[in-house]
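Inspection log for the structure reproduced underneath, given as structure tokens.
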Amino acid sequence: MSHQNTRRTFLTQGAVAGAVVGLGDLGFLSHLRPVGGSEAKLDPNTVKLDPEIEPLVRLIEETPRERLLEEVASRIHGDTSYRELLAALLLAGVKNVEPRPSVGHKFHAVLVVNSAHLASMSSPPEHRWLPIFWALDYYKSAAAQDVRERGDWTMQAVDEAAVPVPHKAPLAFTDAMNGWDEQAADPAVVGLARSTGAQGVYEHLFRYGMRDFRSIGHKAIYVANSLRTLQCIGWQHSEPVLRSLAYALLAHEGDNPKERDHEADRPYRRNLELVGNVRQDWAVGEPDPAATSDLLETLRTGSNDDVCDEVLAVLERGVSPQSVWDALHVGAGELLMRQPAIVALHAVTTTNAMHYAYLTSGNNETRLLALLQNAAFLPMFREAMQGRGDVRDITVNNLQPKSEGSSAGISVAEVFELLGEDRDAAASLALSRLQSVGEAKEMIDAARLVTFLKGNNAHDYKFSSAVLEDYYLVSPEFRNQFFASNLYQLRSSQEKDNQLVERTRAALIS
């Protein structure tokens, strides 16, 4: 049976059903052995996990890549739950994949877990397991890369003697993080986890995730994604995740950043001084689309200081922060139009993470810092694009819908087919449909499905989950432009199905 999809039919109801038939039924190869008690014994020198989840983590660690999906499917056919599998996947990643030399690359095995989870939760039941199976397979490739790069790094057991007592844990953690002291931060974050609830711990971590521009936004992304996954799997799994996170947030080049003036650290140091001078009720204001447009113009050419100064001026005159966030989301998407590649992609996913921190933090200063740091980062992303290929002279203002007469009857299928041939034309077609239909649910569902079928790297999941979530965080006046600009980085329906889909299909019918 051929799985190639014909043009003009890929996203019709029948073709979609045929493309994903059976993907929700993963109870195959059910006659495989269970994990025995002897296999679940712990090495006292490695990090201790919750004993109930340890056998499933060991299964993921020790099963060869070519058999892992079948083994996991047999557990799902038994009594393993979605939440247990998600927890085991995250914990296997933080235990076995080091967030060095960069909080990216192979470490996407950890960063992508929440993105896969978001894709699963937003999908119909028959598609829900596929993102998690993709992430399982990706973990095996990342773990193998970690062996090649880092000599099979494994998180060790925490030094219990160094864990601070509860009343000293917060200060011990902030001192370690402010001093970029990895050795002190590891037991300190454990003490913090044991003495402070999730909200209190992440109030600290939001700030450290946004304080520097190293790893092109992955630090902020890890903070947001780790919290969101822990909210699903439970705080009982938090210690190894927080230890990995603290280690990742302290990644840097050269000497201790505390002792020098580096470009990556300057915006945060400056913004820390500025936030104390903003009116106390800055979070209350009126939407102003003109302020959004003006800020977009500054984002195109201004420095990070210029953009932050304008954000503060906008807030000072009573404009709603929502109008600033509109500019940041649309501005990130505009960078993708100019260069659909890795740097601009991270401008989008970092903005998603920073906005999450803004919405989740209970500290007004932290929230304002998230807004300002995101504003500072976008010009830094813009400059980082230089030298990485052509940067087109184009803006979201160039996105124009097709003429009214030619937009009648535009289908979602046409948009995703055209995307493989002409991104500009596909974006224009998408804008036409979004404006005529008035909502994006069908196009969002299609984008997610195309990611499942065509995506072949962690960025496909990270990026699509961020964009499809952020569409609803952008004001109605700008959200269609936002979606159309981000279409430049989504997959086309003309691309070949990824190998995982083919492998899953083969397993299901074997």
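Quick note: numbers below take in every heavy atom, side chains included, and nothing from hydrogens, waters or symmetry partners.
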For the residue pair [X] and [Y], establish whether any side-chain heavy-atom pair is separated by less than 4.5 Å.
X      : Y      : answer
Lys462 : His218 : yes
His346 : His459 : yes
Tyr139 : Ile60  : yes
Asn225 : Val113 : no

Is the [X] to [Y] ring centre distance short of 6.0 Å?
X      : Y      : answer
Tyr268 : Phe213 : no
His262 : His252 : no
Tyr461 : Tyr138 : no
Trp129 : Tyr82  : yes

Query - salt bridge (Lys or Arg N to Asp or Glu O under 4.0 Å) evaluation trace for Arg65 with Asp137 - result: CA-CA 7 Å; Arg65 183 179 183 182; Asp137 183 72; 3.0 Å; yes
Query - side-chain contact (heavy atoms from CB on, under 4.5 Å) between Thr292 and Val330, intermediate numbers included - result: CA-CA 9 Å; Thr292 299; Val330 176; 5.8 Å; no
Is the backbone N or O of [Y] less than 3.5 Å from a side-chain atom of [X], with the two atoms forming a donor-acceptor pair by type?
X      : Y      : value
Asn486 : Leu336 : no
Arg423 : Met337 : no
Lys219 : Ala251 : yes
Asn457 : Asp460 : yes
Ser244 : Val94  : no
Ser115 : Ser465 : no
Glu495 : Lys454 : no

**Report entry** Chi angles and distances behind the side-chain contact (heavy atoms from CB on, under 4.5 Å) call for Leu371, Leu328
**Finding:** CA-CA 9 Å; Leu371 186 65; Leu328 300 182; 4.0 Å; yes
Between [Y] and [X], is there a salt bridge with N-O shorter than 4.0 Å?
X      : Y      : result
Asp470 : Arg479 : no
Glu263 : Arg266 : no
Arg207 : Glu365 : yes
Glu414 : Arg433 : no

Query raised in the report: What are the two closest non-hydrogen atoms of Leu299 and Gly331, and how far apart are they?
Result: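 For Leu299 versus Gly331, the nearest heavy atoms are CD1-CA, 4.4 Å.
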Using distance alone, with no hydrogens and no angle criterion, decide if [X] and [Y] have a side-chain donor and acceptor under 3.5 Å apart.
X      : Y      : answer
Asn374 : Thr351 : yes
Ser428 : Gln400 : no
Gln435 : Asn480 : no
Arg367 : Asn364 : yes
Ser303 : Asp306 : yes

**Report entry** Pair Glu310-Thr298, side chain to side chain donor-acceptor pair (under 3.5 Å): steps then yes or no
**Finding:** CA-CA 8 Å; Glu310 183 166 344; Thr298 305; 2.3 Å; yes
Query raised in the report: Between Ser485 and Leu399, is a side-chain contact (heavy atoms from CB on, under 4.5 Å) present by the stated rule, with each step listed?
Result: CA-CA 8 Å; Ser485 66; Leu399 281 174; 4.2 Å; yes
Enter the distance from [X]:[atom1] to [Y]:[atom2] here, rounded to the nearest 0.5 Å.
X      : Y      : atom1 : atom2 : result
Leu419 : Gln489 : CG    : CD    : 9.5 Å
Gln481 : Thr395 : CD    : OG1   : 8.5 Å
Leu130 : Leu500 : CG    : CG    : 6.0 Å

Report task. Verify side-chain contact (heavy atoms from CB on, under 4.5 Å) between Gln339 and Leu335, making sure each step is shown before the conclusion. Result -> CA-CA 6 Å; Gln339 189 185 80; Leu335 292 179; over 6 Å; no
Query - Residue Glu286 excluded, over 12 heavy atoms near CD under 6.0 Å - result: no
Query raised in the report: Would the number of heavy atoms belonging to other residues, nucleotides or ligands and lying under 6.0 Å from CZ of Arg392 be above 12?
Result: yes
